[in-house]
Amino acid sequence: MCGRYAYLPTADPTELIEQFSIHGDPPDVTPRYNVAPTDPVTVVHTNRELQQTAAVFRWGLIPSWSKPEAARRSGHINARAETLAEKPAFRRLLLKRRCLVLASGFYEWQHGSSRRERMPYYFSPAADSPLTAGGYAGTGVVAFAGLYDRWYPPDGDRIDSCTIITTSPNGLVAPLHDRMPVMLAPDAIELWLDREMADPMLLTSVLAPAAEGALTTRRVSQAVNSVANDGPGSQAPAEEWNQGGLDLGP
DNA sequence: CCAGACGTTGTT
DNA sequence: GTCTGG
DNA sequence: CCAGACGTTGTT
DNA sequence: GTCTGG
């Protein structure tokens with residue numbers, strides 16, 4: 001699954017804009033070591049003018065038909081790729097409201113017998129990963145496949161929110177969890193953001209696990225367990241954040 | 001027809 | 001909005 | 001996803 | 001154990 005991730009773009013958004021064909025305002029490049037449900041996250045979607053634009057959505061989908069009391073919860077942070085086309089809550093969104101959730105990598109926890117033994121691992125693109133093909137290994141960013149919706153409170157501003165699509169794990173992730181976020185290969189991004197595209201079979205065909213070898217992993221500090229810690233700048237020292245440990249390699 | 005639900009995850 | 005159950 | 005809270009009464 | 005908040 002994907003319940004926590006990182007967004008660590010380079011400070012200069014120029015290549016990011018090129019990588020995701022972003023028009024209009026540049027994407028937010030504030031580094032986020034520890035993105036949690038309900039946080040504002042950087043996304044890319046196709047607007048009415050058919051231009052790919054960067055935006056900030058709330059992570060945790062609030063469907064447009066939600067009641068106010070339900071909308072105060074964290075919402076749907078994940079959606080299963082295998083059943084998107086059938087589930088009433090997601091079917092319409094698969095056809096009409098697809099987006100990219102920009103990310104650098106995601107966390108999974110290895111569970112022990114106590115809370116102290118929840119050990120986090122960080123999964124991110126390997127060198128020469130197909131996920132960064134086309135010369136974009138340097139931006140530090142890839143695209144999770146996402147869906148979004150718009151919710152109007154009885155009084156107040158519209159809330160745009162999103163969910164991250166999950167699929168079965170590849171060989172690297174499988175030892176830790178039985179789900180992983182869909183990370184779109186560069187050649188799938190155009191299809192995913194094409195508003196003319198409404199073929200569920202074609203759309204779901206790109207929602208595959210990352211290729212074997214596309215990711216690398218390392219153990220990181222348990223500081224990431226708490227959403228209050230958002231990286232080296234807040235509480236965890238960089239060397240601790242990056243501390244090594246178990247080799248989960250294939 | 002209307003009413004009511006609509007999700008994922010891990011753990012046992 | 002759209003589907004399921006009654 | 002993990003962390004942290006989880007409650008009522010009467011009295012000060 | 002289970003829910004809420006982040």
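So that the names make sense, note that chain A is the first sequence line, chain B the second, and so on, each numbered from 1.
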Inter-nucleotide P distance (E:dG5, B:dT8), Å rounded
22 Å
Tell me whether A:Val29 is reachable from A:Leu102 by hopping between hydrophobic residues (I, L, V, M, F, W, Y) whose side-chain heavy atoms are closer than 4.5 Å.
yes
Any protein N or O atoms within reach of nucleotides 9-12 of chain B? Criterion: under 3.5 Å, listing atom names and distances.
| unit_1 | atom_1 | unit_2 | atom_2 | d |
| --- | --- | --- | --- | --- |
| B:dT9 | OP1 | A:Thr166 | OG1 | 2.8 |
| B:dT9 | OP1 | A:Arg179 | NE | 3.0 |
| B:dT9 | OP2 | A:Arg80 | NH1 | 2.6 |
| B:dG10 | OP1 | A:His177 | ND1 | 2.6 |
| B:dG10 | OP1 | A:Asp178 | OD1 | 3.3 |
| B:dG10 | OP2 | A:Asp178 | OD1 | 2.7 |
| B:dT11 | OP1 | A:His111 | ND1 | 3.1 |

Atom pair distance, as rounded to whole Å: CD1 in A:Ile62 and P in B:dC6:
18 Å
I'd like to know if the side chain of A:Gln52 pairs up with that of A:Thr46 as donor and acceptor (distance under 3.5 Å, no hydrogens or angles considered).
no
Under 4.0 Å, heavy atom to any atom of DNA chain B: which of residues 142-159 of chain A qualify?
none
Would you measure the distance from the P atom in B:dT9 across to the matching atom in D:dA5 and give it in whole Å?
28 Å
Consider ring-ring contact (aromatic ring centres under 6.0 Å, His included). Of A:Phe123, A:Tyr7, A:Tyr33, which one does A:Phe106 pass it with?
A:Phe123
In whole angstroms, how far is the P atom of D:dA3 from the CD atom of A:Glu117?
12 Å
Give a yes or no on whether A:Glu190 atom CD has more than 12 heavy-atom contacts from other residues, nucleotides or ligands under 6.0 Å away.
no
Is A:Leu100 reachable from A:Leu93 through a run of hydrophobic residues whose side-chain heavy atoms are each under 4.5 Å from the next?
yes
Atom CZ of A:Arg118 to atom P of D:dC2: distance rounded to whole Å?
5 Å
Under 4.0 angstrom, heavy atoms only, what part of the nucleic acid is A:Phe106 near: base, sugar-phosphate, or nothing?
nothing
Partner set under side-chain contact (heavy atoms from CB on, under 4.5 Å) for A:Thr38, not counting sequence neighbours
A:Arg58, A:Ser74
Tell me: CG of A:Leu95 to C1' of C:dT2, nearest whole Å?
12 Å
Hydrophobic cluster membership, with links at side-chain heavy-atom distances under 4.5 Å among I/L/V/M/F/W/Y: are A:Trp192 and A:Val141 in one?
yes
What does the list of N/O pairs under 3.5 Å between the protein and nucleotides 4-6 of chain E look like, with a distance for each?
| unit_1 | atom_1 | unit_2 | atom_2 | d |
| --- | --- | --- | --- | --- |
| E:dT4 | OP1 | A:Arg73 | NH1 | 3.3 |
| E:dT4 | OP2 | A:Arg73 | NH1 | 3.2 |

A:Asp25 CG: over 12 foreign heavy atoms closer than 6.0 Å:
no
A:Arg72, CZ atom: more than 12 neighbouring heavy atoms under 6.0 Å:
no
Distance only, no hydrogens: is a donor on one side chain within 3.5 Å (strictly under) of an acceptor on the other, for A:Thr10 and A:Asp12?
no
Can you check the A:Leu84 CG to C:dT2 C1' distance for me, whole Å?
15 Å
B:dT8 P sits how many Å from A:Leu93 CG, rounded?
12 Å
If stacking means aromatic ring centre less than 5.5 angstrom from the base's six-membered ring centre, planes under 30°, is A:Trp65 stacked on C:dG1?
yes
Quick check on the hydrophobic clustering: are A:Met183 and A:Tyr148 connected, directly or via other members, by side-chain heavy-atom contacts under 4.5 Å?
yes
Return no unless some side-chain N or O of A:Ser64 is found under 4.0 Å from OP1 or OP2 of C:dT2.
no
How about A:Tyr122 and A:Glu108: does a side-chain donor come under 3.5 Å of a side-chain acceptor?
no
Using the ring centroid of each side chain, check whether A:Phe144 and A:Trp59 are separated by less than 6.0 Å.
no
Only Watson-Crick and G-U wobble pairs with both distances less than 3.5 Å should count. Give DNA chain B in dot-bracket notation, marking inter-strand partners with |.
||||||......
Hey, what else clusters with A:Tyr152 if you join Ile, Leu, Val, Met, Phe, Trp, Tyr whenever side-chain heavy atoms sit under 4.5 Å?
none
Taken to the nearest whole Å, CD1/A:Ile164 to P/B:dG7 is 18 Å
